[in-house]
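Report on one structure; see the data block that follows.
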2 protein chains.
Amino acid sequence: MLSKKTRYAIKALVVMGKNFGNEPMQISRIAAEEHIPKKFLEQILLDLRNAGLLYSKKGAGGGYSLIKDPKEIVLAQVLRITGGPIALLPCVSLNFYQRCEECMNEETCGIRDVFMEVRNASLKILTETSIADVIERENTLSDSKTVI
Amino acid sequence: MLSKKTRYAIKALVVMGKNFGNEPMQISRIAAEEHIPKKFLEQILLDLRNAGLLYSKKGAGGGYSLIKDPKEIVLAQVLRITGGPIALLPCVSLNFYQRCEECMNEETCGIRDVFMEVRNASLKILTETSIADVIERENTLSDSKTVI
DNA sequence: TATAAAGTATATAGATTTAGTAGTCTTTAT
DNA sequence: ATAAAGACTACTAAATCTATATACTTTATA
């Protein structure tokens, strides 16, 4: 399961994605709109900023905005920044690899082999889906709900 | 990430799968072979037994064995029994569904839509892969390592 | 039939992680 | 000068996970 941190991060990026091109958004506004604890969101946005995803402006009239086009920000990257694991086993993770202590031979481990496949399948979707795609899906879903 | 509980469960089932058709195996033997804390494994095997995957025999000469053919036991089922989540979001889980508190409209949520896709991809592999398949993969990997 | 081997069941402790809060500092517009 | 806003660090509370402990039941067999 993704942590709340990761979920909040994606939510915030989607909101800022919708706002792309306009004035920066204040943390408090995002927090209120998305029902995210403000202080928690503060930390998360800081991480996203330090990872190069966000531009921030201090002082009165300041706030956050995307530094890149929403099309360029891919979910896999967000998960990695916020520490949300993509792989289901540490021995299969590309960015957070760790050997399984109990495992005798990693190279011939059948379990590992299966979960590498699972990781590849998930990763494919997550690297192909951008914040812009998420917004587009939202629009498509809303439209299909509103029957004309 | 899968919990150790889930990992140990799969490992134990694979060992018992290799032993399928023979005498039941003692917990202590499985624990020793797979480097799993015995008392912890005890609880796990009990869960697998109560879920109908294992046959157990008490008393001297007792132990555990698979109640079904290893081909019939699929990884998705094991994850579910041991509480290992397949979905990355609770609102997308088939067996452990929970509404996302911060979410305003689940039906039009683009994030949810993406992670449903991820779940479907993972689930497909995990319902198509049995304990027997894991064992077979192990053999294939071992063979390809041993160059003749 | 006593004993040891083995599973059953529940409780609990310890460690780790997650989620959230608090407080102080820095920058900037007005 | 002041207020608005982000930056940074520290801390706490709760939840979860991993593991251990203890007591009980069943069964083979000497």
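As the structure is a computational prediction, the values presented were derived from the model and not from experiment. A, B, ... follow the sequence lines: proteins, then strands. Residue 1 opens every chain.
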Under-3.5 Å donor-acceptor pair between B:Lys39 side chain and D:dT22 base: yes

Distance in angstrom units between B:Leu41 CG and C:dA6 P, rounded: 14 Å

Touch class at under 4.0 angstrom, heavy-atom based, for B:Leu45 against every strand present: nothing

Nearest-nucleotide pick for A:Glu42, side chain only, options being C:dG20, C:dA29, C:dG23: C:dG23

B:Leu94 side chain near B:Leu123 side chain, heavy-atom distance below 4.5 Å: yes

Rounded distance (Å) that lies between atom C1' of D:dA21 and atom NZ of B:Lys38: 13 Å

Length of the line joining B:Arg29:CZ and C:dA5:P, which is rounded to integer Å: 17 Å

Co-membership, hydrophobic cluster, residues B:Leu79 and B:Val74, 4.5 Å side-chain: no

Gap between atoms NE2 and P, on B:His35 and D:dT18 respectively (whole Å): 19 Å

Sugar-phosphate, base or nothing in reach of B:Met25, heavy atoms under 4.0 Å: sugar-phosphate

Per A:Gln26 side chain, nearest of listed nucleotides D:dG6, C:dA29, C:dG20: D:dG6

Minimum-distance nucleotide to B:Lys58 side chain [options: C:dG7, D:dA28, D:dT18]: C:dG7

Minimum-distance nucleotide (side-chain atoms of A:Ser3 versus C:dT26, C:dA19, C:dA29): C:dA19

Most 5' of A:Gly61 and B:Asn50 on DNA chain C, judged by nearest nucleotide: B:Asn50

Any B:Tyr8 side-chain nitrogen or oxygen under 4.0 Å from OP1 or OP2 of D:dA19: yes

Lys/Arg-Asp/Glu bridge criterion (N-O < 4.0 Å) met for A:Glu33, A:Lys18: no

Length of the line joining A:Ile30:CD1 and D:dA5:P, which is rounded to integer Å: 13 Å

same_hphob_cluster(B:Ile86, A:Met1) at 4.5 Å side-chain heavy-atom cutoff: no

Result of checking A:Ile81, A:Asp47, A:Leu41 against A:Lys5 for side chain to side chain contact (heavy atoms under 4.5 Å, CB included): A:Asp47

Electrostatic pair B:Glu101-A:Lys4, nearest N-O below 4.0 angstrom: yes

Touch class at under 4.0 angstrom, heavy-atom based, for A:Tyr55 against every strand present: nothing

A:Met1 CE to D:dA15 P, straight-line distance once rounded to whole Å: 17 Å

Nucleotide nearest B:Lys4 when distance is taken to its side chain, options C:dT21, D:dT18, C:dT27: D:dT18

Spacing of A:Glu23 atom CD relative to D:dA5 atom P, expressed in whole Å: 13 Å

Check: D:dT18 base within 3.5 Å donor-acceptor of B:Gln43 side chain: no

DNA chain D: 5'-proximal contact among B:Lys57 and A:Ile27 (nearest heavy atom): A:Ile27

Separation of atom CZ in B:Phe40 from atom P in C:dA13, rounded to whole Å: 18 Å

